[in-house]
Asker: 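Please find one structure pasted underneath; my questions will follow.
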There are 2 protein chains.
Amino acid sequence: MDPQSQPARSEYEGACASRGDGDGRAVREVLDRIGDKWSLLVIVTLVDGLLRFTELQRHIPGISQRMLTLTLRQLERDGLVARTVHAEVPPRVEYELTEVGRTLIEPSMALAGWAIENYPRISEARERFDANAPARPPSP
Amino acid sequence: MDPQSQPARSEYEGACASRGDGDGRAVREVLDRIGDKWSLLVIVTLVDGLLRFTELQRHIPGISQRMLTLTLRQLERDGLVARTVHAEVPPRVEYELTEVGRTLIEPSMALAGWAIENYPRISEARERFDANAPARPPSP
DNA sequence: CCGAATCCACCCGGATACTG
DNA sequence: CAGTATCCGGGTGGATTCGG
């Protein structure tokens with residue numbers, strides 16, 4: 001019976017399938033944010049207090065002004081980072097994590113911790129994999 | 001003393017800066033993997049057991065065969081997913097999480113949980129933000 | 001059933017230069 | 001100091017087709 005009824009396993013269960021509704025979308029959208037090249041780095045850099053634009057840039061080695069600006073805008077838009085403009089000259093703009101932004105730190109750190117802890121194994125696995133299937137035989 | 005010594009705040013502290021060495025790279029590479037469009041979804045879908053290719057595809061709504069194949073290859077390469085080919089006809093290939101792969105579940109779930117829990121707030125923040133700065137003045 | 005190959009659109013992100 | 005504007009290459013991922 002129940003010919004094609006989805007078994008016990010729903011779309012993605014556990015944390016993902018509260019009601020099987022638009023949860024995948026939520027995960028996707030959050031991942032699109034913190035999964036991009038700089039967002040997580042910015043968040044982590046803001047962990048212990050506010051910083052101005054240039055300070056932020058100095059603390060994140062490879063980032064360009066453009067990318068820092070864009071990243072900050074997105075984070076601000078999502079309500080994770082607060083932007084404060086001081087009406088002075090020269091201008092001074094400070095960024096800090098919001099309440100919500102701070103709650104993201106814990107899971108992010110957990111993931112970062114996992115990454116650092118398991119990177120050796122992953123790297124090793126890659127080498128093994130590439131050693132067995134390097135056969136990109138364009139050669140005649 | 002310590003004229004321009006970086007204060008308490010290192011590059012990215014806490015989990016990220018074990019020794020300030022190549023840890024950022026580890027985080028970046030892992031993020032490049034699970035931060036892509038499908039990897040995390042695949043991992044989470046494999047949480048409670050092995051699945052064959054087609055089942056996997058059915059459980060992840062929008063994914064194409066191409067993307068599923070590529071994602072699985074990467075995960076296999078990184079040693080997070082194991083691939084078992086049964087020499088039968090028609091062919092049967094099963095995928096499951098490895099030991100290491102399973103350790104990724106916890107932090108991933110934490111992040112996914114955060115996403116689902118905070119998505120309403122984020123979504124709301126976006127609307128507010130877009131309401132105040134929709135002024136994309138393309139004025140000629 | 002599983003997957004590789006090809007073609008192609010899109011957008012992310014880097015470099016650079018210019019404003020207030 | 002804190003951005004914005006423009007150009008442009010490369011990677012990501014979708015649609016489709018072919019092969020074992």
Side-chain angles (χ1 to χ4, degrees), chain A residues 4 24-25 28-29 31-42 45-46 50-77 81-96 129 133-138, chain B residues 24 28-29 31-42 45-46 50-77 81-96 129 133-140:
Chain A
Q4 316 109 307
R25 207 244 294 268
R28 168 64 39 78
E29 295 214 25
L31 234 60
D32 283 350
R33 185 80 15 257
I34 73 100
D36 70 4
K37 205 172 180 182
W38 302 108
S39 294
L40 189 63
L41 256 21
V42 170
T45 305
L46 285 174
L50 63 168
L51 284 177
R52 356 190 351 181
F53 189 87
T54 326
E55 295 173 325
L56 218 32
Q57 190 172 8
R58 211 188 354 259
H59 278 289
I60 306 176
I63 200 170
S64 60
Q65 320 88 329
R66 172 187 150 86
M67 273 304 107
L68 184 53
T69 303
L70 290 179
T71 304
L72 287 169
R73 282 294 168 281
Q74 294 299 327
L75 292 174
E76 186 193 359
R77 185 172 108 104
V81 161
R83 177 173 180 265
T84 313
V85 183
H86 299 264
E88 315 172 353
V89 42
R92 184 166 55 115
V93 183
E94 290 173 331
Y95 295 90
E96 60 184 329
F129 186 91
R136 272 279 150 266
Chain B
R28 168 63 39 77
E29 294 213 27
L31 233 60
D32 282 349
R33 185 76 20 254
I34 74 100
D36 70 3
K37 205 172 180 183
W38 302 108
S39 294
L40 189 64
L41 257 19
V42 169
T45 306
L46 285 174
L50 62 169
L51 283 178
R52 357 191 349 183
F53 188 87
T54 327
E55 295 172 326
L56 218 32
Q57 189 172 9
R58 211 187 357 258
H59 279 290
I60 306 176
I63 200 169
S64 61
Q65 320 89 325
R66 172 187 151 86
M67 274 304 109
L68 183 53
T69 303
L70 289 180
T71 303
L72 287 169
R73 281 296 167 281
Q74 295 298 330
L75 293 174
E76 186 193 358
R77 185 171 109 104
V81 160
R83 176 173 179 264
T84 312
V85 184
H86 299 264
E88 313 171 354
V89 40
R92 185 166 55 114
V93 183
E94 290 173 330
Y95 295 91
E96 60 183 328
F129 186 90
R136 272 280 148 265
S139 50

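Letters A, B, ... mirror the listed sequences (proteins, then strands); counts begin at 1.
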Asker: Start with the C-alpha distance between A:L75 and A:R33, add both sets of side-chain angles, then the distance that settles side-chain contact (heavy atoms from CB on, under 4.5 Å), and finish with yes or no.
Answerer: CA-CA 8 Å; A:L75 292 174; A:R33 185 80 15 257; 4.2 Å; yes

Asker: Report the distance from atom NZ of A:K37 to atom C1' of C:dC11, rounded to the nearest whole Å.
Answerer: 14 Å

Asker: Would you say A:R83 and A:V81 make side-chain contact, with heavy atoms under 4.5 Å?
Answerer: no

Asker: Determine the sole option in B:I34, B:L68, B:L51 for which the side-chain contact (heavy atoms from CB on, under 4.5 Å) test with B:V42 is passed.
Answerer: B:L68

Asker: Let me know the distance between CG of A:L72 and C1' of D:dT4, rounded to the nearest Å.
Answerer: 15 Å

Asker: Nearest to the B:W38 side chain among C:dG13, D:dG13, C:dG3, which nucleotide is it?
Answerer: D:dG13

Asker: Are any non-hydrogen side-chain atoms of B:L72 and B:L56 less than 4.5 angstrom apart?
Answerer: yes

Asker: Could you check how far CE of B:M67 sits from P of C:dA5, rounded to whole Å?
Answerer: 14 Å

Asker: Is any side-chain nitrogen or oxygen of A:R83 closer than 4.0 Å to OP1 or OP2 of D:dG3?
Answerer: yes

Asker: Whole angstrom is fine here: how far is it from CD in B:Q65 over to P in D:dG19?
Answerer: 16 Å

Asker: In whole angstrom, what separates A:L68's CG from C:dG14's C1'?
Answerer: 14 Å

Asker: Report the residue (B:V93 or A:I63) whose heavy-atom-nearest nucleotide on DNA chain C is the more 5′ of the two.
Answerer: B:V93

Asker: Please pick, from D:dG14, D:dA2, C:dG3, the nucleotide with the shortest atom-to-atom distance to any side-chain atom of B:S64.
Answerer: D:dG14

Asker: Just N and O in the side chain of B:Y95: are any of them under 4.0 Å from OP1 or OP2 of C:dG3?
Answerer: yes

Asker: Return the nearest nucleotide to the side chain of B:R66; candidates are C:dT6, D:dG3, C:dG3.
Answerer: C:dT6

Asker: B:F53 CZ to C:dA4 P: how many Å, rounded?
Answerer: 9 Å

Asker: side-chain contact (heavy atoms from CB on, under 4.5 Å) between A:Q74 and A:T71: does it pass, once the steps are laid out?
Answerer: CA-CA 5 Å; A:Q74 294 299 327; A:T71 304; 5.9 Å; no

Asker: Between A:P91 and A:T69, which has a closest nucleotide on DNA chain D that is more 5'?
Answerer: A:P91

Asker: Rounded to the nearest Å, what distance is computed from the CG atom of residue A:D36 to the P atom of nucleotide D:dT12?
Answerer: 14 Å

Asker: Report the distance from atom CG of A:D32 to atom P of C:dC10, rounded to the nearest whole Å.
Answerer: 18 Å

